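For reference, the structure is listed below as structure tokens.
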Number of protein chains: 2
Amino acid sequence: MKEGPDIARIGMLFGDPARANMLTALMGGQALTATELAQAAGVTVQTASSHLSKLEDGGILAQRKQGRHRYFTLADAAAGTLLENIMGFAASRGHLRHRPGPKDPALRKARVCYDHLAGDYGVRMLDSFVARGAIESDGENLTMTEDGRAELGTLGIDVASLTSNRRPLCKSCLDWSERRSHLAGTLGKALLAHFLENGWARRSEESRAVLFTPDGERKFLSLFPAG
Amino acid sequence: MKEGPDIARIGMLFGDPARANMLTALMGGQALTATELAQAAGVTVQTASSHLSKLEDGGILAQRKQGRHRYFTLADAAAGTLLENIMGFAASRGHLRHRPGPKDPALRKARVCYDHLAGDYGVRMLDSFVARGAIESDGENLTMTEDGRAELGTLGIDVASLTSNRRPLCKSCLDWSERRSHLAGTLGKALLAHFLENGWARRSEESRAVLFTPDGERKFLSLFPAG
DNA sequence: TTCATACTTCGACCGTAACCGAAGCATCTT
DNA sequence: AAGATGCTTCGGTTACGGTCGAAGTATGAA
């Protein structure tokens, strides 16, 4: 009865709408200030401050002082992963706050999910990898093949350097707008970084949307043809 | 702001101590009646009934009427997996309700985690598989090797029949008492079933503990030698 | 039919926590 | 030094949800 981990503590932290909004905003992957998070949650800064300290005590958020600002981020990849899991579960039960998927078509098309690509383009990328045998999919687990390693090498992505024992290379993440899986893990992160660094796309200022340039979009679509 | 899955709804459901206790009790994998769950949570049946209907509406629990009883179970494997994830996260942040791990040594040694083996023995089993190359571990993802398939075949476990596209064959699950991973997925389930069916062990009546017989324990330990 | 068991619904109580205004610190600017 | 900005702490209000007793429904037993 009184054994084990304190599920309720974690659940409660995720269980308040204001906190959930803040965490969703932080899924964008970038550090945000207390004021920005207050706005994202639709509450005053006082209220936000109280929420943020609770989330920090709970080990979900980390803060970094910089001048007179305090930047908050998800504490680590595990926190992001858990958040993804909860989002996926909620979506799978049809618990959507607004209606099916993002209203904004740009968000539906391509957006950031913590540190990797989600939305139509994210799902398409993983499908394409699987279709050509670069990644093998076993229901939920994803495994990189030798072919895949070689292909990514020609793109300038060194798969070996992405291998870590703290975080998987390939991981599937349920996309709540597409209701299918997209690619997470260190490879998902590296690929998104690759697109941004090479000017194929840039991040929207206001939202989690990823905006492709015409040229970048052309390259992306030819690299990941639809199944 | 109003986009996406309703995290808060799910969080709230997990965020009440009474509900968390009920869900923890259901991690034992067997169906329980409303009265049993009320007792597990330490509340009256009225209160329990209210909680149970909320959990059912949220898609976390399923109920099955049988005579004048109502048996509740976790809705599906996804619900169990999410629960495991939250437990693992809570444990990783040190949010334990009582103290480090289960007080009961039997629970610490071997217990049921939804439908597979957890605790010292669960961790030991996975370690042993990995050490001898039956399963390959890539940080978080687990993959079965050809050697592993052959070995399990000699045990009388047909790996091919366990392959599903709804649930992975091998999956790592963070063990909150050992703070290491044990084996989940359809294989984890099949192995536990194998131990129980062949009389190596039986389930405790009162708790989630798995009690090995002297003979079963001997077989288990020789099959999965410590690393 | 009558009684017992298993569970749900109703109604009322109560505690907690979410919320905001105001005041208090800390840091940067001028 | 004085003002502005970013954030936290304090105090008080309010609302929501967890709780249980009592009554109501359904199934099974006598």
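Just so we're on the same page: letters track the sequence lines, and every chain starts at 1. Computed from a prediction, not measured in an experiment: that's the story for all the values here. Only this structure's heavy atoms are used, side chains among them; waters, hydrogens and symmetry mates stay out.
Of the charged side-chain nitrogens involved, none lies within less than 4.0 Å of a carboxylate oxygen, so that R9(A) and D57(A) do not count as a salt-bridged pair.
Whole-Å rounding puts the L32(B) CG to dC7(C) P distance at 11 Å. Between the C1' atom of dC19(C) and the CE atom of M22(A) lies a distance of 12 Å, rounded to the nearest Å. Distance Q46(A) CD to dA22(C) C1': 9 Å, rounded to the nearest Å. Put simply, CG on L37(A) is 14 Å from P on dG6(D), counting in whole angstrom units. Atom-to-atom, NE2 of H69(B) to C1' of dT25(D) comes out at 16 Å; the value is rounded to the nearest Å. Taking atom CD of Q39(B) as the reference point, atom C1' of dC7(C) lies 16 Å away to the nearest angstrom. When the C1' atom of dC7(D) is taken as reference, atom CZ of R70(A) falls 7 Å away, rounded to whole Å. Spacing between atom CG of L52(A) and atom P of dC7(D) amounts to 9 Å, rounded to whole angstrom units.
Residue order along DNA chain D, read from the 5' end via each residue's closest nucleotide, puts M12(B) first among M12(B) and Q66(B). In terms of position on DNA chain C, the residue among A48(B) and G67(A) whose nearest nucleotide sits closer to the 5' end is A48(B).
Counting non-hydrogen atoms under 4.0 angstrom, T33(A) reaches the backbone sugars and phosphates but no base. Counting any heavy atom pair closer than 4.0 Å across all strands shown, A18(A) reaches sugar-phosphate atoms only and no base atom.
Phosphate proximity of dT29(C) to R68(A): absent, as no side-chain N or O sits under 4.0 Å from OP1 or OP2. Put simply, H51(A) has no side-chain N or O that comes within less than 4.0 Å of OP1 or OP2 on dA17(C). Contact annotation: K65(B) side-chain N/O to dA6(C) OP1/OP2 distance is not under 4.0 Å. Taking side-chain N and O atoms only, T35(B) has no distance below 4.0 Å to OP1 or OP2 of dA6(C). OP1 or OP2 of dT19(D) has not a single side-chain nitrogen or oxygen of T47(B) nearer than 4.0 Å.
The backbone N or O of G119(B) sits less than 3.5 Å from a side-chain atom of D175(B), completing a donor-acceptor pair.
Across E217(B), R111(B), H182(B), a single residue satisfies side-chain hydrogen bond (donor to acceptor under 3.5 Å, both in side chains) together with Y121(B), and that is E217(B).
When each of dC19(C), dC20(D), dA22(C) is scored by its nearest atom to the side-chain atoms of D16(A), the top-ranked nucleotide is dC19(C).
Between F14(B) and F14(A), a ring centre-to-centre spacing not shorter than 6.0 Å is recorded.
The shortest heavy-atom contact between L196(A) and A201(A) is CD2-O, 3.4 Å.
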